[in-house]
Student: 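What follows is a structure written as structure tokens; I'll ask about it next.
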There are 2 protein chains.
Amino acid sequence: MKLNTKSRYAVMALADMSKFPLNNPISLRDISLRQSISLFYLEQIFLKLKKNDIVKSVRGTNGGYVLRRDPKNIKLSEIFQAVDQKVKTVGCKKDSKKGCNGKSAKCITHELWDELEVYINNFFDNKKLSDLLITKERNN
Amino acid sequence: MKLNTKSRYAVMALADMSKFPLNNPISLRDISLRQSISLFYLEQIFLKLKKNDIVKSVRGTNGGYVLRRDPKNIKLSEIFQAVDQKVKTVGCKKDSKKGCNGKSAKCITHELWDELEVYINNFFDNKKLSDLLITKERNN
DNA sequence: TAATACTTGACTATTTTAGTCGGGTATATA
DNA sequence: TATATACCCGACTAAAATAGTCAAGTATTA
């Protein structure tokens with residue numbers, strides 16, 4: 001069970017943005033430099049964030065990206081769903097009658113994974129982008 | 001964020017075993033048939049479960065594997081740690097002074113991932129193998 | 001002694017991840 | 001209006017992880 005870089009970078013980048021005055025565009029180039037994330041990779045990520053209405057873009061000189069809402073109102077779960085497809089724990093379809101590769105009575109553990117999925121999503125639902133900023137300054 | 005088959009199969013296989021009288025060996029071949037998991041793959045998995053003292057082996061005819069403890073006393077977290085290496089959310093080392101790829105002040109999100117890791121491990125700590133059996137029979 | 005079943009390490013195909021790249025388009029400002 | 005900036009977008013690729021296979025054993029029991 002592992003977190004991918006896309007999710008991690010997305011949260012890092014948005015947290016980075018949150019530290020500056022909202023409503024003035026921040027370029028990916030700046031974020032790239034500050035967070036040492038590849039510019040090209042950030043472009044990919046922000047395309048998804050834009051499609052999911054988490055940021056909007058401002059093109060041209062002095063352009064960049066702007067948060068669509070106050071960090072207080074941006075759940076981490078939204079960011080994850082935008083960038084990562086989803087938290088996935090089971091292979092088999094959720095409500096298929098067949099379920100679990102066509103064999104019946106097999107998935108004793110099916111409900112467990114569903115529960116885990118809900119549990120994890122719950123974590124992200126209860127965290128806001130703004131929560132990351134309160135954190136005390138790191139001393140290194 | 002995804003769960004791998006090894007973890008899933010391990011739990012499925014052990015849950016399968018729990019439904020039979022403890023202390024009499026259950027062969028991987030049987031588990032393989034009942035749960036439709038490749039025998040070879042199960043062998044790999046059970047090697048790890050054995051190394052981690054979750055099961056013991058009985059060789060020879062009528063041999064198989066036996067749970068070392070009552071399912072009430074087997075935490076899912078143990079199974080996970082045995083089979084999967086670990087729940088991992090961060091790339092950077094936990095307590096390194098450098099931290100986060102050598103750049104300072106970068107990992108605003110570091111503590112978040114740590115927190116998530118604890119949160120998930122907590123889920124598995126509180127689930128016992130026996131908890132899976134109580135579940136009502138599935139109707140497909 | 002034959003059959004069963006664990007033991008172990010090596011091997012492989014496929015998929016996913018992480019990231020790169022090229023050739024765009026829009027816009028502010030000099 | 002020219003130009004530099006910065007988003008836009010799809011295609012591509014290397015490397016790692018995953019999922020699974022296989023072969024050649026050893027131990028045990030009937």
Side-chain angles (χ1 to χ4, degrees), chain A residues 1-13 17 24-52 54-68 80 83-92 101, chain B residues 1-13 17 24-52 54-68 80 83-92 101:
Chain A
M1 196 139 205
K2 224 175 49 186
L3 205 67
N4 61 11
T5 53
K6 249 174 194 157
S7 314
R8 210 161 69 232
Y9 290 169
V11 176
M12 281 168 72
M17 287 176 71
N24 80 316
I26 294 173
S27 72
L28 294 188
R29 194 176 152 277
D30 286 353
I31 298 176
S32 164
L33 290 172
R34 278 197 298 265
Q35 305 291 333
S36 10
I37 302 169
S38 146
L39 175 60
F40 296 127
Y41 206 24
L42 277 177
E43 284 183 344
Q44 259 191 44
I45 293 168
F46 271 75
L47 220 60
K48 294 188 177 192
L49 293 176
K50 191 193 160 194
K51 270 181 192 146
N52 285 271
I54 294 168
V55 295
K56 65 182 171 193
S57 65
V58 179
R59 301 181 82 164
T61 312
N62 295 327
Y65 284 96
V66 177
L67 292 173
R68 276 201 107 90
F80 264 70
V83 152
D84 196 50
Q85 50 283 43
K86 187 100 185 129
V87 173
K88 278 229 150 134
T89 48
V90 209
C92 40
N101 298 328
Chain B
M1 197 141 206
K2 225 176 48 188
L3 206 66
N4 60 10
T5 53
K6 249 174 194 157
S7 315
R8 212 161 67 231
Y9 290 169
V11 176
M12 280 168 71
M17 287 176 71
N24 81 316
I26 295 172
S27 71
L28 293 189
R29 193 177 151 279
D30 286 353
I31 298 176
S32 164
L33 290 172
R34 279 195 297 266
Q35 305 293 332
S36 11
I37 302 169
S38 147
L39 175 61
F40 297 126
Y41 207 23
L42 276 177
E43 286 181 343
Q44 259 190 43
I45 292 168
F46 271 76
L47 219 60
K48 294 187 176 195
L49 293 176
K50 191 192 162 199
K51 270 182 190 146
N52 284 270
I54 293 168
V55 295
K56 65 184 173 192
S57 65
V58 179
R59 301 180 80 162
T61 312
N62 295 329
Y65 284 95
V66 177
L67 292 174
R68 277 203 106 91
F80 263 71
V83 152
D84 195 50
Q85 48 286 41
K86 188 97 191 122
V87 172
K88 279 230 153 138
T89 48
V90 208
C92 40
N101 298 327

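In the text below, chain A, chain B and the rest are named by the order of the sequence lines, each starting its count at 1. In this text the structure is predicted, and so the values were computed from the model without any measurement.
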Student: Mind checking what makes side-chain contact (heavy atoms from CB on, under 4.5 Å) contact with B/K56, not counting sequence neighbours?
Tutor: B/V66, B/R68
Student: Using a heavy-atom distance cut-off of less than 4.0 Å, which residues of residues 40-48 of chain B contact DNA chain D?
Tutor: B/F40, B/Y41, B/Q44
Student: Without decimals, in angstroms, what is the distance between B/I26 CD1 and C/dT4 P?
Tutor: 19 Å
Student: Measure CG/A/N4 against C1'/C/dG19 and give the value in whole Å, please.
Tutor: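 Going from A/N4 (CG) to C/dG19 (C1'), I get 13 Å.
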Student: With a 4.0 Å limit, can you tell me whether B/S38 has a side-chain N or O closer than that to the phosphate oxygens OP1/OP2 of D/dG20?
Tutor: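 No, no such contact exists.
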Student: Which residues satisfy the side-chain contact (heavy atoms from CB on, under 4.5 Å) test with B/N62, sequence neighbours excluded?
Tutor: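 Listed in chain order: nothing, the list is empty.
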Student: Between A/K51 (NZ) and D/dC9 (C1'), how many Å, whole number?
Tutor: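 Atom NZ in A/K51 sits about 8 Å away from atom C1' in D/dC9.
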Student: A/L42: what forms a side-chain contact (heavy atoms from CB on, under 4.5 Å) with it, not counting sequence neighbours?
Tutor: A/A13, A/L28, A/I31, A/S32, A/I37, A/F46
Student: For A/K6, enumerate each residue passing the side chain to side chain donor-acceptor pair (under 3.5 Å) test, keeping only those at least two apart in sequence or located in another chain.
Tutor: A/Q44
Student: Considering just the side-chain nitrogens and oxygens of B/S27, establish if one lies under 4.0 Å of OP1 or OP2 belonging to C/dT4.
Tutor: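 Checking B/S27 against C/dT4: no side-chain N or O falls below 4.0 Å of OP1 or OP2.
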Student: Measure all distances between protein nitrogen or oxygen atoms and nitrogen or oxygen atoms of nucleotides 26-28 of chain C, and list the pairs falling under 3.5 Å.
Tutor:
| from | atom 1 | to | atom 2 | distance (Å) |
| --- | --- | --- | --- | --- |
| C/dA26 | O4' | A/R59 | NE | 3.3 |
| C/dA26 | O4' | A/R59 | NH1 | 3.4 |
| C/dA28 | N3 | A/T61 | OG1 | 3.4 |

Student: Measure CG/B/L28 against P/D/dG20 and give the value in whole Å, please.
Tutor: 16 Å
Student: What is the separation between atom CE on B/M17 and atom C1' on C/dC6, rounded to the nearest whole Å?
Tutor: 13 Å
Student: Looking at residues at least two apart in the chain, or sitting in another chain, which of them share a side chain to side chain donor-acceptor pair (under 3.5 Å) with B/E43?
Tutor: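 Listed in chain order: nothing, the list is empty.
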Student: Please confirm whether the shortest side-chain N or O distance from A/Y9 to OP1 or OP2 of C/dT17 is below 4.0 Å.
Tutor: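 Answer is no, no contact under 4.0 Å.
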Student: How far apart are the closest heavy atoms of A/P25 and A/G63, and which atoms are they?
Tutor: CB-C, 3.6 Å
Student: What is the distance, rounded to the nearest whole Å, between atom CD1 of B/I54 and atom P of C/dC6?
Tutor: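 One finds 17 Å between P of C/dC6 and CD1 of B/I54, rounded.
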Student: Within this structure, what is the CE-to-P distance between A/M12 and C/dA18, rounded to whole angstrom?
Tutor: 13 Å
Student: To the nearest Å, how far apart are B/K50 NZ and C/dT8 C1'?
Tutor: 11 Å
Student: Could you list the residues that satisfy side-chain contact (heavy atoms from CB on, under 4.5 Å) with B/T61, not counting sequence neighbours?
Tutor: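 None.
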